[in-house]
Amino acid sequence: MEKTFYSNGKLLISGEYAVLDGAKALALPTKFGQYLTVSSGENHEINWTSFDSDKSIWFQEIISFAEIINYKKTENQTAKETLNEILHEAFLLNPKVLNSSDGFTVTTQLSFPKFWGLGTSSTLINNIAQWLEIDAFRLLKNSFGGSGYDIACAQNDTAILYQIIEGKPEVEAVNFNPIFSDHLYFVYLNQKQSSKSAIAAYYKKQNDLNVVLPEINKITIEITEATALEKFQYLLQKHENIMSEVLEMPTVKEALFNDFNGTIKSLGAWGGDFVLVVSSENPIPYFKTKGFETVLPYKEMIL
């Protein structure tokens, strides 16, 4: 019997990096996500095929149950080894699925280009967790690691406030529908950023978080409540300035777009993936002249 699961992509509007240390973050699920379809197979194997948004196959492997059960982590992981690790940790959380099956045929289908950084891994982990009826947050923690906000977005169809309290995720649905959304855009910076390496860099450079976290928490709440475009821009810029000091890095506007008339905020890992752009005028021509072709208005991106 065939079953299909779906998970939303994600964008982190506030609290990047600091969410790992308990900061309150605002995260938005996207209209883009990933499907996972499972049907019966044979030979105690999983015949796995992954499709990108253009229907091209970007990953195809046959993985035996024995490989999953006996998986040992290696230094330089291939795509197959990464998937094997996730499936191994999932097996440990629920062994009965493999133990009671002859095999599976699995396909995954992204509705966004996988290099966009909207959650290729988090949507996969959440889909696997749905399929195997396990806790997606535990599966993330045991495999990839990270704050888990992306898992929360995968599971929710509305904006969320996300915070780790005493090691556990706290998710609060919020009504975030800015009346100035026509002035908000998402621009892809033409390079996929590694969350793992960005997090490692953050821990090397972070300053006194006792000062930073309350500031980020306050900004996050004020962002959700902002009704004026100017106040929203002020809050985003304040957030950028704080994180610029913590990371000892220039803001993305300073580094790439210092002549832009508007506000630009990094989302997630600095230096890659998408940025949020706030502009009173249509900024698409500006970014296209700079070589950045992927510019999505807010209403095309966010659920």
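Keep in mind that the numbers below use all heavy atoms, side chains included, and drop hydrogens, waters and symmetry copies.
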Residues [X] and [Y]: side-chain donor-acceptor under 3.5 angstrom:
| X | Y | value |
| --- | --- | --- |
| Thr107 | Thr49 | no |
| Asn156 | Asn8 | no |
| Gln237 | Asn241 | yes |
| Gln233 | Thr263 | yes |
| Ser50 | Thr108 | yes |
| Asn127 | Ser7 | yes |
| Gln34 | Gln109 | no |
| Trp48 | Gln60 | no |
| Asn94 | Glu133 | no |

Ring centroids only, cut at 6.0 angstrom: are [X] and [Y] within range, meaning strictly under it?
| X | Y | result |
| --- | --- | --- |
| Tyr286 | Phe292 | no |
| Tyr185 | Tyr298 | no |
| Tyr188 | Phe115 | yes |

Hydrophobic cluster membership, with links at side-chain heavy-atom distances under 4.5 Å among I/L/V/M/F/W/Y: are Val212 and Ile221 in one? yes
Do the side chains of Leu28 and Ile219 join up, straight or via other hydrophobic residues, at under 4.5 Å, putting them in one cluster? yes
So, are Lys141 and Asp135 salt-bridged, with charged N and O less than 4.0 Å apart? no
Can you tell whether the side chains of Glu215 and Lys238 come within less than 4.0 Å, N to carboxylate O? yes
Answer whether the closest heavy-atom distance between the side chains of Ile46 and Phe65 falls below 4.5 Å. yes
Step-by-step side-chain contact (heavy atoms from CB on, under 4.5 Å) determination, Lys10 to Leu118: CA-CA 5 Å; Lys10 48 71 181 178; Leu118 294 183; 5.7 Å; no
Would you please test Ser181 and Lys299 for side-chain contact (heavy atoms from CB on, under 4.5 Å) and show each step? CA-CA 7 Å; Ser181 61; Lys299 289 176 181 176; 3.2 Å; yes
Do other residues, nucleotides or ligands put more than 12 heavy atoms under 6.0 Å from Lys31 NZ? yes
Begin from the C-alpha positions of Phe274 and Trp116 and carry the test ring-ring contact (aromatic ring centres under 6.0 Å, His included) through to its verdict. CA-CA 7 Å; Phe274 279 90; Trp116 273 10; 5.4 Å; yes
Is NZ or CZ of Lys114 both nearer than 6.0 Å to the six-membered ring centre of Trp58 and within 45° of the ring axis? yes
Derivation and outcome, side-chain contact (heavy atoms from CB on, under 4.5 Å), residues Phe144 and Ser122: CA-CA 9 Å; Phe144 266 50; Ser122 57; over 6 Å; no
Checking Ile302, Leu296, Leu303 against Phe32 for side chain to side chain contact (heavy atoms under 4.5 Å, CB included), the one that qualifies is Leu296
